[in-house]
Structures are given as C-alpha cells and as structure tokens.
Amino acid sequence: MRRNIPLAVTFVVGMLLIVSVFLPPIETIGEDFGVFFSIIAVFAFFLGGGNLIKVHFGKIMKKSNDWEFSLVTVVGFFAMLIIGLFKIGAPGDISTSVTAEGSYFQEMFVYLINPLQSTMYALLAFFVASASYRAFRAKNREATILLVAAFIILLGRTPLGMMLTGWIPESFSIFQVPNLAVWIMNSPNLAGQRAIMIGISLGVVAMSLRLILGIERTYLGGDDKG
Amino acid sequence: MLLLTFSDIGLIVTLVIIAAGLGLILKLALKGKEIDRRIIFIFIFFSVASPIIFQIKFSEKATAVVKSIYDKIDNLPEGSKILISFDFDPAMAPEVQPMAIVLGRHALIKGHEVVFMSLWTTGQSLLTEIINEYILPDFPEKQEFIDYVTLGFKAGNEGVLKVIATDFKKMFPVDNNGRPLDSIPIFDGVKSCSDFDLVISIGGGKPGPKEWILFVTDPSNIPMAVGVAAVIAPQMYPYYPAQVLGIMGGVKGAAEYESEFIGNYERFKDMKTPGLLTMGPQTLAHTVIMAFIIIGNIIYFRKRKKEAKS
Amino acid sequence: MRKSSLMVLATVATLFIVSWIFKGIALEDIYESNYLQGFLLTFSAFLTLSIMSFLYKDNPFYKFSEHLFVGVSAAYAMVVGFWTTIVGNLVPRLSESLSNFFQIPYQEGTYNFFYYLPVIFGLMLLMRLSKKHGWMSRIPLAFIIGTTAGLNFIGYLRSDFTNQIAATFIPLLGAAGEWKGIGDFFSNLSLSAGGQLVMMLSNWVIFLGVFCGLIYFFFSREHTGLFGKASRVGIWILMITFGASFGYTVMGRISLLVGRITFLFKDWLGIIS
Amino acid sequence: MRIKYSFLLALFLLLIPFSALIFGQDGAAASGETESADSLALTLPAPVTNLKAINTPNDHGHSFTVTWDISADDGGGLKNVLFYRVMRSDNPDSSFKQRGENKLPRGASTYQDNGSKRKESDDFSADFTDFYYRIDAITIDSNVFSSSGIYGPVQSKGEWYNTGRTPVLVAVIIFLILTMIFVALAKKGADLYIRPLAGIEAVDDAIGRATEMGKPILYILGLGGADQIATIASFTILSRVAKQVAEYQTKLIVPCYDPIVMTVAQDIVKSSFMDAGRVDDYKEESVYFVTQSQFAYVAAVNGTMLRELPATNMYMGKFYAESLILAETGALAGSIQISGTDEIAQIPFFVVACDYTLIGEELYAASAYLGKEPILLGSLKGQDMAKAAIIVLMIIGVVTANIGGETLENFRELFKVIN
C-alpha cells in the first residue's frame, strides 16, 4: 500500500505527460508540472535548511572537531536569510527585486559569494594541470590514444605547434599540428560525441519507461513504515 | 646598446625560472621520482601570473589559414577597396575585437580604401569605439571619405546582404553621418559588393560570416576572409579554401595576425596587441602542462624499467 | 591552539588590516565610504587567497571560507527561491490579498485552483518529519519522478535522438556537387587540410566512428570476434573524443585563473593598470 | 533461438514508425529567392492572391493558418515588394490590425496566427468567433502598399487529438511493446547475457577495500535534482551500495546538493539498512544537505574528502564544471574513484581523473547490472534492440545520402516530422 500508491502516482503522471503530447487541450500540462516542481522544491528548502542547521548545531553542541567553523556557517546562514527575506538595504519598497543593485543582499553576493565561487571555479586551472600530469601516461593503447589526442590539441593552441610543423608543404598540410587539431575536433571527436549522445537518448527513453512502468522502483526505498 | 623594456626583462626572468625549474624536475624525473602536485600548482600560478604582471607576449607564427588573409591584404595594390563588417556584440568582443583592430590598421597602412559597416545593432557603438579609439589615433594623415568611411549599422540582417550584393547604394544611400554615398570618393565606381577587392566579416553569430559567404561573396566570387569566435571556427573550415581565403579563429587567430603584422611593420612594433596579450598566459600555461605530460611519461617509463629489473 | 598557528593567524590578520587601511586611503577620492569599500575589497581578496590556499593543504583559512560559503550560499538559494517561486509564481495565482501585500499583479485565471496541488504536495513532503505519516512524503516524490520520466521519455524520443541520427547521414564521397569524377579526384589528390581527400576521410571517420561507438555501448552481446573489433575501435574513438575535449577545455580554465589573478593584482593590490 | 526471433521482430517493429513518418509529413513551403529588386520605383505593387485562412489543425484552438500566393511583384515583375503584413479584424469593413510584431519578409506565403488563450490577455483570440483577414504587400516605404481582398469569416476551434503526431504515438507504443516483450521473456527465465562493465565490477571491490581499511565511502549524487534521469539512476546505485555497506558495516557519507534528493537518499539508505537487517547501524547524519550552490557544495565536499580520507569516492549523476575539482581532490586524498555521468562535457574529466567511469548510457544500465533482476536485464535487451535498429537506419541513411541529394533530403525530412 505505502509503496503502491506512489507507484500508481508515477504511472499516472508519467502516462498523462506522454499522452498530453497528442492531445492539444492538455498540451501545456508539462510546463505547468514544471512550475509545480519548482514550488515543491521550495517547500523542500525547509527540509534542506533544517538539515543544514541541525547538522551544524549538533556539531556546536557536541563541541566536536572544528565546531567553531560550524558557528560560521550558522551565523552566515541566518544573516543572509534575514537580509534577503526582509530586503534590508534595498533601494526601494517591497516590490524591488531582491537582487537589486545596492541592496545588502546583492552586496553580499558581489563581495562574498562571487569571489568565493569564481576562485573555486578557477582552481580548475590547477587541476587540469595536475590531472594531465597524473593521468596522461602511455600505460596501454587506450591511454596512449587519450594522451596523444590531448597533446595534439594542446600543442595546436600554442605557437609551438606551428613552429614545429610549419615547414610541412601545403599538399600535406593536414599534418601541420594546428590543422590536425581542428580535424580531430571536427571528425573523430564529433563522432564520439554523437555516439555517446545517441546512447544517452536511448538510455533516457528506456529508463523513463522503466520508471513509469514501475520496473525500476528503488528510489522509493523499501516497504517499511519509516 | 641593449635596450630592454620592462616586459622583456619579465619575459627573460620568467622563462629562465620556468626552464630552470623544469630542468630540475626533469633531473628528478629521470630517477623515476613522482612530483608533488603542489610543485605543478606553483608552476601554473607562476606561468599565468607573470605574463599578466609583465605584459608578456609571445610571437606567434601564423598558420596558413591566417597567413593567407595577411598576404591578401599585403599584396593587394595600393588603393584597393576593402569592406570590413563588424558583426558582433560586446559579449563576443574580447575574442574578435583584436582582429577588427589589427585588420583595420593593416588595411589603412597599406593605403587601401576601407569601408566599415555592421549588421548588428550593437555593432554601431563598437564600430565607432574601435575606429576612433584604436585605429585612427595611429593614422592622423588618413582622411575620412577618401581613405575610409563608416557606414554604420543597417537593420535587415540577411536582407541587407542580398541587396548590397547587387546594389550597394540602394541599401546605403548615405553613410553614418548622412552624407550621400555618391559624394564620397571611395564609392566612385562602386556599384555592388563585387566592386570590392576583398570583403571581411568579423563575428560569430547570425547574421555573420556565414551569411556573408552564402549571400554575397560566394555567388559573386568576391574574395572573402572571416574572423570568428573560437567556438564557431570549426563550422567555417568547410568553406576554406574554396569560398573563404582565410579564417581567424578566436584569440589565437587574432594573435597570429597581430604577430605577423607587428613583425613586418616597424612602425607598429610597440602597438597594443590585445590578442597577443591574452595569449601570453595561455601559451605559457599550455607549454607548462605539456612539459608535465612529458615528464609524467618519463617517470612512468623509468619506473616500469626499474620494476622490470627487480 | 599551538603557538605557531597563533603566530600565523596574527601575521595574516595584520597583513590584511594593513592592506585594508592602504586600500581605504587609495579609494579616498573615488568613494564616499572609502573604508567600507576598502574593507569589502580586502575581504574579497582574503577569501580568494583562502580558497587558493587549499591547493597547498587543508587549513583553518580554507575551513573558514568554506563554512562561510556554505552558510551564506544556502541562504542565498533559499531567499531567491522564495522571492521568485513563491512570491513570483504561486502567490499571484492563489491570493489577491497577498499579491497586494507583495505589490505584484494578481493573475486571474480559470484554472488557478490547480496551483493548490503543489502546495499540498509540498506539505506532504514536510510530513516526513512525522514518524507516523512519513510515508506520505513519497507521493510528491512519485509525482516528481513521474513528471521527469514522462517529459524525458517523450522529449528525447521526439528530438534529441532523431536529430543526432539524421546528422549522421553524410555523403561519404563529399558533399553534393563536390564529387567531380574519379579522374578529377586522382589528379587533385593531396593531403591538404582543405582538400577533398581529407574531407572524404572526415566523413568516413564520422560515420564509422558513430557506428563503432554505438557497437561499444551494446550491453547484451559478447564483445568478441568482428563485433569485438568494432567495439574496440569504438573505445578508441571515445578516447580520442575525451582527450581532445580535455585539451580543448584547458584554454577556458586558464582564462578563469587569469580573471582571479587580475582581480588580485589589479583591483586589490593595484600593481597593474 | 527465441531471442533471435524477438530480435528480428523488434527490429521490424522499430522500423515501422520511422517509415510511417514518410506519409505523415507535409511539404514545407520553400520559396527560392535569388535575385533582389533593382528598381526602387514606388509604384503600387500587385496585391497577393488566393488568400485563405483556416483554423490551424491539431491544436487547442485560438489559432489560424493563413496562406496566400505571393504578389506578382515579389521577386518578379516590379520586384518592389519587400514585406508582407498580416491584418485581422472581427469586422469585415474596418479596424484591421497587424498580427505579429514584425512584418514578414518577401517570399513568405504562410503565417500561423496564434492568439492568446487567456481571456485577460489583450491578444485574446476567441474560438467560434468570426474573424476576417487581409494581406498587405509592402514596398520599401511602409506607407506604399497594396492590400488583398478580404477573406472571411473564419472561426478557430480546438481539436482533441493531434493527428500530426501519430508517428510519435506509434513509436511510443512500439517502445512499450518492445520493453514488455523482453521483460516477459526475462520473467520466463530466458538466459540473458550482459557483458561485464569494469566500472560496475569495481563497486563491489571498492566497498570491500573500504571495509578492510576501516575508512568511509563517499557517495556523491551530483548536482542534478530529482528531475534528472541521471540522478534517479544514481539513486538505484546508491541503494545497492548502501545495502552492501550495511552488511560490511562500513561508514557511508552522502552529502547532498538538493533537498529533495537528500530526502530520497535518506529513505533509500535507511531502507537498505533495514533490508540488510542492520537498522540499528543506520546513522541519520550520514546523508545530509550541504547547500544548493555549485561551488560552495564543492568547497564543502573537498573539505570532507581531505578530512575524512574516504577509501572510495563514487560520483554518480549529473555533474558540471566541478567534476574535475572533485575528482582531483579525491585522487589527492588517495581514494579509489568510480564515476558515472551523462553530462557529455564532463565525461572526459572523469575518464582522466577517476579509476573507473561509466560513460553516459552505462550509468542508466548500472542499476540493471547491480540488481541482476531479470526484468531489468530484459529492458536492457530491449534497449539494445533499439540501438541495432538505429544502426540499420544509419546505414540506410548513409546509402541514400550517397545516391543523391533529393533522396537524402527526403530521408532526413522523415526525422524532422517528429516534433
């Protein structure tokens, strides 16, 4: 029972959406359901925020490792929540956008969230280097192909590529590294991407069907009472 | 006397440090010792930061696709008519604006008569900015209407192209300032796009280089060159070399052109080259990454040899 | 805390306070509240460096930034969700008085009552906090998953996958009109990057690449014999794809770092113009 | 043998909808315009002829499809027609207004006039109400134009079934039947082979390794919400992992990016522990919410990796730019890493930085692999049949592409119909 109702809901909703494509009067139901989803997601914020506070409060109470930093999280969380919900420092009345220029909420974004997130993102520059060093090794045939493809593309994006292979005559110009790099991007790379994409599309269709038919039901957890 | 600029010193110091560091690591690598990743991180930070601080540029050797544009402009007889269309917006500008600047300079210094225009609404202000702030200050001797003219933006997307392919003055009866084209010397003898010796479109969206090729230059066999954002470049290659004589792809393409240009024109040796400047950190970082890939493989094979022995 | 870490903490704090003062003085002519602006900039720089310090090893500065980031960003997402979804989407459809309170236009519509459905589902989701009725939270989940499955099933069947297949229909001898007969082909034979041979080669590689790639993804057949060989070629194509995509992305990643370093040296330290 | 027949049957069935599409298509009006007008004379152009407006078929009403023959001076004659304007009124004599924001370019001969379905809207276009249409052929000067005769009255109405999408319906039904056949076969106990996947086999080893080392397992569900198929696939993998973890009594850490995903993950882990009969070992804090901000989440997970030093990291689901940050930090912590995503742009980073990677489709197949339930395996088999059909179609497509341009266009067109 506790498992069958949800299964039935999934089936009905899934089928309804499939059928709606063929029935003009309910054609837009998919969009409406999308909005519904985002509304449900906001309710889930209570669960998420509650869980976050619970975890960090727990750490503070127990004085477990690094509890001082949990305090930072909790203070930051509530400060931002209050600033945002009451639109503190907003340049106009309640109808101004919460991210309006000059509001404290936006200032927090510009001076706090933005540097943090762009620096986190920029760490990738370091990690592409360390990953290249660690993983591009000619251990076997596949790894060698991976290595060579990456190396040619890298070389093609520096002046070195042209310096090393610029002497190759026009009638063999495909072997000039920059040209070769373009060719790899346009041909084998394209083929690989396409094969993966077709596979994914097919997988999504099959997986969706398994979900609607209730063949795949692990996401519902067990038949327990919890 | 040896005259070294600030950035020359920076370049030398940077290269020496990186080379020495890599040499040291190579020595360790030959013993089969793995490198701590923090060392790689330091190299990356250094190779990105120092070109920014010292404004380091590396000279690029132009690839054939870029060189052919350069040669075309260089070899056209003085007084040839060139049409340059700025088909981009501010979002795309960092990538393609360097091309617009260097092409404008090159065309003017060769004494060609240049016509600037744009198919994008936002192109108008970019056009004015690029011409007035970057190109003209270097050419005080050039006169508007005789050496160059700005037609500005014209709405209508491909529609504009279809018309100017056969009749230029119908679409542009007057220039940017309202001056009739008939009274502009450059347009003496220009009826349609076919009367230009070269058409260049710089952009990456729609309408852009692709539309120029399809509607104007390919049907009328007009020499055409394009400059595009890096992501678009692969889509342009099928047109090369039959329909377009050359392609500049992304900042790299711009940098190659700049390098070729400043290498050949003493007067512009010290000009601002945004393309080459952007490529500085890229080139150094890419080279360092490649060096580490090679070192990684040396270590791997050394280790395998050792294991095979024992 | 050990003495050495206290020393580090004190040094870092002093450095940033000094930087704050200098920045404040430097900004005197630009901003009215120059010390506040100076603090904000310095603090941004501190956060930037704290995150970067993670590359060396985990440390208290990173922990501080990380925990601050988590708290503030979690609240950020919730606040934006509240204003855009609840106030932006739900309120104008359900309550005129609340719409007036938030000063947004009330959207009258015949089917607005449907919007109680997500509210009910949302409340059911919260039921999981109760031990007895916790199972009810599975109903909204089932609704979400049903929606996902339905939309994806029909969406992928209709567009993605048919488009991808259709794109593979390429002429193996070159585009229409380009094939000028075998004599012409041989007399112009070259490995030039824009030449016909290379173009043909590309088309063959794309076709065979997709073919072998798909073979690789076969689950219910043993990959042996001819099938196995094709599947092996499939892996190679995939490996080229991965290597090339990786190499291609490096440029974009370096640009990100350029952005951060420019912030540090230009906006904060003012070393470069 | 049975399998072989069903294979052929499946192949055949799958080919039907696509061929059905050939008949379902309607020829799109293509207007070949090559020359441009050379005279600018502002004489009135010839008006359009043969104007018709009909209720747009296969929709929910409030829409008309207007067609006409282009003006004699569009592309020929005086060549002075540059635009068309579709005008509508509820009165045959007056108050015609332009429909749509922009004029139509020359050469256009059809327009779909969609009005709003909402009564409150200014653009509301009521069903079962008389409307009249007129087309203006406009020259370069928008004040110089000639109008066609008035067509009408015409009424719009809605339909219940979209006949244009019948081919999709056929495809849907066939997919359903296909899956059912193989699931039924599987239930009857047909021996279904599946080839080994290294990434899947590594899961068991990785859990064993974690147990031996006494270190935790970190499971990341990705950045997708519960509305992503990849996330749902990840749920099923998590449930297997959790079951084994419960049996081996290893520690499991699941930091979540999305609150809904967190609730589902909590349910899954808890019931897996129950299934394993170790409900007392279930710790609520093992599945927790972090934040719904990409890089803050990564920052926190990175910290967790270096502080907890998990023996195994699993990344399954939807990942974006953070993929490499996570995988490299995990490698630094010395963990064995297994990943799987359907985000094509991120697969390369996982392949490079992780020990095992499930590429795209393999992620969805993983649940069937781990469960070894015949039903799931049957559905995998059905999926492979579809793949075989695609390969056949591809070959046919390439062959037609080489026969000639027109055949190719027709064949390609057949795929465009599914909309």
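Throughout, a chain's letter reflects where its sequence line sits, starting with A, and its residues are numbered from 1. Because only heavy atoms are used, hydrogens play no part in the values below, and waters and symmetry mates are left out as well, while side chains stay in.
For C:Phe211, no part lies near chain A; criterion is any non-hydrogen pair under 4.5 Å. Neither the backbone nor the side chain of C:Ile104 comes within less than 4.5 Å of any heavy atom in chain A. Contacts of A:Phe136 with chain C are made by side-chain atoms alone, with heavy-atom separations under 4.5 Å and no backbone atom involved. Heavy-atom distances place the side chain of A:Arg141, and not its backbone, under 4.5 Å from chain C. With a 4.5 Å cut-off on non-hydrogen atoms, A:Leu123 touches chain C through its side chain but not through its backbone. Contact of A:Leu116 with chain C is made through backbone and side chain together, with heavy-atom distances under 4.5 Å. Proximity to chain C involves both the backbone and the side chain of A:Val128, based on heavy atoms less than 4.5 angstrom apart. No part of A:Phe78 comes within reach of chain C, as not one of its non-hydrogen atoms sits under 4.5 angstrom from that chain. Heavy atoms closer than 4.5 Å to chain A are found in both the backbone and the side chain of C:Tyr76. If you measure heavy-atom distances from A:Gln117 to chain C, the contacts under 4.5 Å come from both the backbone and the side chain. Contact annotation for C:Leu123: both backbone and side-chain heavy atoms come within less than 4.5 Å of a heavy atom of chain A. Both the backbone and the side chain of A:Ile18 have a heavy atom closer than 4.5 Å to some heavy atom of chain C. With a 4.5 Å cut-off on non-hydrogen atoms, A:Met185 touches chain C through its side chain but not through its backbone. Using a 4.5 Å cut-off between heavy atoms, C:Leu257 contacts chain A through both its backbone and its side chain. Both the backbone and the side chain of C:Leu68 come within contact range of chain A, with heavy atoms under 4.5 Å apart. Both the backbone and the side chain of A:Ile39 come within contact range of chain C, judged by heavy atoms closer than 4.5 Å. Contact of A:Ile153 with chain C is made through the side chain alone, with heavy-atom distances under 4.5 Å. Heavy atoms closer than 4.5 Å to chain A are found in both the backbone and the side chain of C:Val119. In this structure, chain A has heavy atoms under 4.5 Å from both the backbone and the side chain of C:Asn152. Proximity to chain C (any heavy atom under 4.5 Å) is shown, for A:Ile196, by both the backbone and the side chain. With a 4.5 Å cut-off on non-hydrogen atoms, C:Trp83 touches chain A through its side chain but not through its backbone. At a 4.5 Å heavy-atom cutoff, C:Phe39 makes no contact with chain A through either its backbone or its side chain.
Contact count versus chain C (heavy atoms, under 4.5 Å) is highest, among A:Ile212, A:Ile53, A:Thr73, for A:Thr73. By number of non-hydrogen pairs under 4.5 angstrom with chain C, the leading residue of A:Phe46, A:Phe151, A:Phe109 is A:Phe109. Residue with the most contacts toward chain C among A:Leu154, A:Ile113, A:Leu85: A:Leu85 (heavy-atom pairs, distance under 4.5 Å). Comparing C:Leu90, C:Val80, C:Leu126, C:Thr147 by how many heavy-atom pairs each has under 4.5 Å with chain A, the most go to C:Thr147. In terms of heavy-atom pairs under 4.5 Å with chain A, the best-connected choice from C:Gly150, C:Ala75, C:Gly209 is C:Ala75. Contact count against chain A (heavy-atom pairs under 4.5 Å) is highest for C:Ile51 among C:Leu117, C:Ile237, C:Leu49, C:Ile51. Interface remark: of the candidates C:Val258, C:Leu141, C:Ile86, C:Ile145, C:Ile145 forms the most heavy-atom pairs closer than 4.5 Å to chain A. For chain A, the option among C:Gly234, C:Gly243, C:Ser73 with the highest count of heavy-atom pairs below 4.5 Å is C:Gly243. Counting heavy-atom pairs closer than 4.5 Å to chain A, the top residue among C:Val70, C:Ile235, C:Ile144 is C:Ile144. The most heavy-atom pairs under 4.5 Å with chain C, out of A:Met207, A:Met120, A:Arg210, A:Lys87, come from A:Lys87. Comparing A:Leu209, A:Ile184, A:Ile29, A:Leu52 by how many heavy-atom pairs each has under 4.5 Å with chain C, the most go to A:Leu209. Of all the listed residues (A:Asn179, A:Ile200, A:Leu81, A:Leu155), the one sharing the greatest number of non-hydrogen pairs under 4.5 Å with chain C is A:Leu81.
A donor atom on one side chain and an acceptor atom on the other are not found under 3.5 Å apart for C:Ser44 and C:Trp268. For the 3.5 Å distance criterion, the side chains of A:Gln106 and A:Tyr111 fail to qualify, holding no donor opposite an acceptor.
A ring-centre distance under 6.0 Å is not found for C:Phe82 and A:Phe45. Between C:Phe64 and C:Phe61, the distance separating the two ring centers is not shorter than 6.0 angstrom. Between C:Tyr115 and A:Phe36, a ring centre-to-centre spacing shorter than 6.0 Å is recorded.
Using a cut-off of 4.0 Å between Lys/Arg side-chain N and Asp/Glu carboxylate O, A:Glu142 and C:Arg232 are scored as salt-bridged. In this structure, A:Asp66 does not pair ionically with A:Lys59, as no charged nitrogen and carboxylate oxygen lie closer than 4.0 Å.
Contact check for A:Val72 versus A:Phe77: no side-chain heavy atoms found under the 4.5 Å cut-off. Between A:Asn140 and A:Thr144 the shortest side-chain heavy-atom distance does not fall below 4.5 Å. Put simply, the side chain of A:Thr119 does not reach to within 4.5 Å of the side chain of C:Leu47, judged on heavy atoms. A heavy-atom distance below 4.5 Å is found between the side chains of A:Phe33 and A:Val13. Looking at heavy atoms from C-beta onward, A:Phe105 lies in side-chain contact with A:Met80 at the 4.5 angstrom threshold.
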Point to revise | A:Ser70/A:His56 under side chain to side chain donor-acceptor pair (under 3.5 Å): CA gap, chis, key distance, verdict | key: CA-CA 5 Å; A:Ser70 289; A:His56 288 281; 3.1 Å; yes

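Every side-chain contact (heavy atoms from CB on, under 4.5 Å) that C:Met136 has, sequence neighbours left out, goes to C:Met124, C:Met127, C:His133.
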Using distance only, find each side-chain donor-acceptor pair of residues 248-256 of chain C under 3.5 Å and give its atom names and separation, not counting sequence neighbours.
from     : atom 1 : to       : atom 2 : distance (Å)
C:Thr249 : OG1    : C:Ser245 : O      : 2.4
C:Ser255 : OG     : B:Gln282 : NE2    : 3.1
C:Ser255 : OG     : C:Met251 : O      : 3.1

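C:Asn100 places no side-chain N or O within donor-acceptor distance of the main-chain N or O of C:Gln103, the cut-off being under 3.5 Å. A:Thr10 places a side-chain N or O within 3.5 Å of a backbone atom of C:Ala142 that can act as its donor or acceptor partner.
Taking a 6.0 Å sphere around CZ of A:Phe172, one finds it holds 12 or fewer heavy atoms contributed by other residues, nucleotides or ligands. In A:Tyr104, the OH atom is not crowded: 12 or fewer heavy atoms of neighbouring residues, nucleotides or ligands sit closer than 6.0 Å.
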